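To start, the structure under review is shown below, and the notes come after it.
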Amino acid sequence: MTSTTAAELLARSHRLGSDPRNTNFAGGNTSGKGRVLDPVDLAETEVMWVKGSGGDLGTLSSEGLSTIRMDRLRALVNVYPGIDREDDMVGMLEFCLHGHGGAAPSIDTAMHGLVDARHVDHLHPDSGIALATAEDGPELTQQCFGDRVVWVPWRRPGFQLGLDISAIQRENPDAIGCILGGHGITAWGSTSRECEENSLSIIRTAEEFIDAHGKPQPFGGVLPGMEPLAEDRRHALAARLAPVLRGLASRDRLMVGHYTDNPLVLDFLHREHHSRLAALGTSCPDHFIRTKVRPMVLDVPPSTPFPDLVARLEQLHEVYRREYAAYYDRWATKDSPAMRGADPAIILIPGVGMFSFGATKQTARVAGEFYLNAINVMRGAEALSTYTPIDEEEKFRIEYWALEEAKLQRLPKPKRHAGRVALVTGGASGIGKATVELLASEGACVVIADRNVEGAAVLAQEIGGSDAALAVEMDVADEISVQRALTAAVLAFGGIDFVVNNAGLSLSRPLTETTVDDWNLQHDVLARGSFLVSRESARIMIDQGLGGDVVYVTSKNASFAGPANIAYSAAKADQAHQVRLLAVELGDQGIRVNGVAPDGVVQGSGIFAGGWGAERAAVYEVEEEDLGAFYAQRTLLKREVIPHDVAKAISALASDDFSRTTGSVVPVDSGVAGAFLR
């Protein structure tokens, strides 16, 4: 890699990709051409560095670039078999790679290579796509730019589009770029700076043109009854709807949800033209690959009684599924990939906001961001003209493109808990922390509930931030605290699939020294707390209709009569019986309830560090630092139990490996014969 061209390319990419006005997440690509010394024949060779398949401009690294030999890429023109077989050219790009490593070439590589300029940007700015999707886009492009920017009719990305743009560039030597019908923009320049300036000039000129010439209310007048609810009512209704909507969106495949009440979304949804425009769908290929061909839109006011809202959503969902299947049948050929599911990826609720869904939190969030881009595009196109996206057949050709299917097939196999949302109480330390870390590594979105919300927040950041984990403050003994935390969880991820009742504390006292306050405190946290968390979580799971798992972290003490431990052991026995009671009650909802019964988990334990360790060490007349080894020696296996051992048992119990197990409490204690169930 040269120290100039590629470095300039990365810096330009980061600047362009960091501003959402310029392009969407993982959208667009950039390139730069330069010369390197071929290590084989020591001849100077022209190559092109271009953003490879996947990745994001704002965070692009050198590993995300493809390096292409320009002599070989240009020679592909001589073997191009024509538009009917242009997809074959993607495989040919691999024969043009220079060296090894880097990213696979993307579908847009030919466009970058065939344009006769050292630097090329292809971007998806809302303002540019607004012109590209306007009914009279060619005329508006001429009015906006004159001869500096040329209109290119819609063509699916690929080798032929590269040939088209290359020809238009030769025919218009004064042009700095083009508007790609239904798609986006491409700009070029002789230097990286000139290319970036030309890209930004096209984007900002289009923005200014829309602002100067567009009508003030492109989405029409206000629809009575569809106005945004007050924020507190809006969020409360969103939290009630989220599990219902996630259940609908997960009919074919488990999805994670994302909610936004962005003012642009709320404004769009209470205007008279929103249903017409939403039905037209998006246009830019990057948009509807993630958002599907169009969203599902609720058509009754948010003030409608909740049961009636749910009933209407269920009706609309069935209609959506039928219409999506018909869309697939209309355009599928014998070579088309199988239908990937008929559920909506975007659900719009007037007065409340937008719910988006994906296989991960990131894909759900990005789908919502892309639909927000689509709203901005519709706004610009309607302000100037009439929004006219590419036709349905072309949308299908993109959505079910064999090349996109190949990308999906190359994705790694989903992890054990992929797509699931897990809530772990007492999740900032000890067994809870180990469980959070393990479940996150196995693909779950994790809600870390703890009174120590600062510690939970640090852990959430370590795991991967808001796309992977959410820290919530929760006092499990406080009903309002539990409800607030679960509301935050469903607004963040769409629902709950998996609850771990782990929060706990313990005080070691002989019977005669145990106070009523000691008794109440331990029963409030262990028995009452588990009950409250299970009850509120079960309500969410039932609304989702997706089944679920509840796992209690009980204790060997639930069945073992140890000394000086009446309050703790009785509360743990209460938890163990809750497992059996709830397994019976929730089984017909597909919710499994199980427990683990650890013993002697000293390492990393907040309970032991908080004084319990010293108290138990005094009872057994050992040094506190030797307590873990003492517990291990009294077991059958003579092995100390650590938090990760318990976490692995929790993960397994809530996995498909134990799909036929409920009402069971599994010991994780290295074998304590006195605690054997009998």
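Counting begins at 1 with the first residue of the sequence. In this text, all values refer to a predicted model and were calculated from it rather than measured experimentally.
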Heavy-atom closest pair (Ala364 atom, Gly257 atom, distance to 0.1 Å) is CB-C, 4.2 Å
Can you check whether Met255's main-chain N or O pairs, donor with acceptor, with Arg246's side chain at less than 3.5 Å?
yes
According to the interplanar angle, ranging from 0 to 90°, do the rings of Trp154 and His183 count as parallel (below 30°), tilted (30 to 60°) or perpendicular (above 60°)?
tilted
What I'd like to find out is whether the side chain of Leu161 reaches to under 4.5 Å of the side chain of Val152, using heavy atoms alone.
yes
Should we count CZ of Arg276 as having more than 12 external heavy atoms under 6.0 Å?
yes
Taking the side chain as C-beta and beyond, is there a heavy-atom pair between Leu123 and Ser199 under 4.5 Å?
yes
Could you tell me the separation between the CZ atom of Arg12 and the OG1 atom of Thr30, rounded to the nearest 0.5 Å?
5.5 Å
Any donor and acceptor pair, going by atom type alone, linking the side chain of Lys51 with main-chain N or O of Gly28 inside 3.5 Å?
yes
For Val77 and Phe159, work out which heavy atoms get closest and say how close.
N-CZ, 4.0 Å
Rounded to the nearest 0.5 Å, what separation is found between the CG atom of Leu348 and the CG atom of Leu245?
10.5 Å
How close do Lys33 and Gly113 get, counting heavy atoms only, and between which atoms?
CE-O, 3.8 Å
Could you measure the distance from the CD1 atom of Ile68 to the CD atom of Glu94? Nearest 0.5 Å is fine.
9.5 Å
Using side-chain heavy atoms (C-beta onward) and a distance below 4.5 Å, is Pro157 in contact with Ile398?
yes
Donor-acceptor contact present, side-chain Thr360 to main-chain Gly358, <3.5 Å:
no
Please name all residues satisfying ring pair (Phe, Tyr, Trp, His ring centres under 6.0 Å) with Phe268, sequence neighbours left out, ordered by chain then number.
Phe219
Taking the side chain as every heavy atom from C-beta outward, state whether His213 and Gln143 have any atom pair closer than 4.5 Å.
no
Kindly assign one of parallel, tilted or perpendicular to the pair His124 and His122, based on the angle between their ring planes and the thresholds 30° and 60°.
perpendicular
Partner of His112 under side chain to side chain contact (heavy atoms under 4.5 Å, CB included), chosen from Leu114, Asp108, Thr109
Asp108
Would you say Val265 and Tyr371 make side-chain contact, with heavy atoms under 4.5 Å?
no
Hey, is Arg193 close enough to Glu196 for a salt bridge, meaning N to O under 4.0 Å?
no
Other residues, nucleotides and ligands only: do more than 12 of their heavy atoms fall within 6.0 Å of CZ on Arg340?
yes
Arg271/Glu382 ion pair, N-O < 4.0 Å
no
Answer yes or no: is there a side-chain heavy-atom contact under 4.5 Å between Leu97 and Pro105?
yes
Look at the side chain of Asp252 and the backbone N and O of Ala342, then say whether any donor-acceptor pair between them is shorter than 3.5 Å.
yes
Interatomic spacing from CD in Gln169 to SG in Cys178 - rounded to 0.5 Å:
9.0 Å
Return yes if some donor-acceptor pair links the side-chain N/O of Lys415 with the main-chain N/O of Ser441 below 3.5 Å, else return no.
yes
So does Ala134 get a backbone contact from the side chain of Ser385, meaning a donor-acceptor N/O pair under 3.5 Å?
no
Looking only at non-hydrogen atoms, find the nearest pair between Cys195 and Ala187 and report the distance.
SG-O, 3.8 Å
For the side chain of Ser13 and the backbone of Leu9, is there at least one donor-acceptor N/O pair under 3.5 Å apart?
yes
Sorted by chain and residue number, the side chain to side chain donor-acceptor pair (under 3.5 Å) partners of Asp211 (sequence neighbours excluded) come out as none
Would you find more than 12 non-hydrogen atoms of other residues, nucleotides or ligands less than 6.0 Å from Asp116 atom CG?
no
Take His258 and Val366 through the test side chain to side chain contact (heavy atoms under 4.5 Å, CB included) and record every step on the way to the result.
CA-CA 9 Å; His258 175 75; Val366 169; over 6 Å; no
Can any side-chain N or O of Lys292 pair as donor or acceptor with the backbone N or O of Glu399 at less than 3.5 Å?
no
What do the steps show when you test Arg204 against Asn22 for side chain to side chain donor-acceptor pair (under 3.5 Å), and what is the final call?
CA-CA 9 Å; Arg204 303 299 175 252; Asn22 299 334; 3.1 Å; yes
Can you measure from CD (Glu369) to CZ (Arg365) and round to the nearest 0.5 angstrom?
4.5 Å
Are the side chain of Lys395 and the backbone N or O of Arg294 linked by a donor-acceptor pair below 3.5 Å?
no
Would you say Ser18's side chain and His14's backbone share a donor-acceptor pair under 3.5 angstrom?
yes
So which of Ile168, Thr141, Leu180, Leu140 actually passes side chain to side chain contact (heavy atoms under 4.5 Å, CB included) with Trp151?
Thr141
Compute the centroid of each ring, for Tyr400 and then for Tyr328, and state whether the two points are separated by less than 6.0 Å.
yes
Going from CE on Met70 to CZ on Arg35, what distance comes out if it is rounded to the nearest 0.5 angstrom?
10.5 Å
Check whether the side chains of Ser61 and Glu63 place a donor and an acceptor atom closer than 3.5 Å, and report yes or no.
yes
Can you name the nearest heavy-atom pair linking Ser336 to Phe396, along with the distance?
OG-CE2, 3.8 Å
Listing request: all side-chain hydrogen bond (donor to acceptor under 3.5 Å, both in side chains) pairs with a residue in residues 73-82, at least two apart in sequence or in separate chains.
Glu46-Arg74, Tyr80-Gln160
Side chain to side chain donor-acceptor pair (under 3.5 Å) with Asn373: of Asp126, Thr282, Thr23, Thr291, only one passes, and it is Asp126
Should Thr363 and Arg290 count as side-chain neighbours, where that means a heavy-atom distance under 4.5 Å?
no
More than 12 foreign heavy atoms under 6.0 Å from CZ of Arg72: is that the case here?
no
Which pair of non-hydrogen atoms, one from Ser53 and one from Ala103, has the smallest distance, and what is that distance?
N-CB, 4.4 Å
Are Asp343 and Tyr324 close enough that some pair of their side-chain heavy atoms sits under 4.5 Å apart?
no
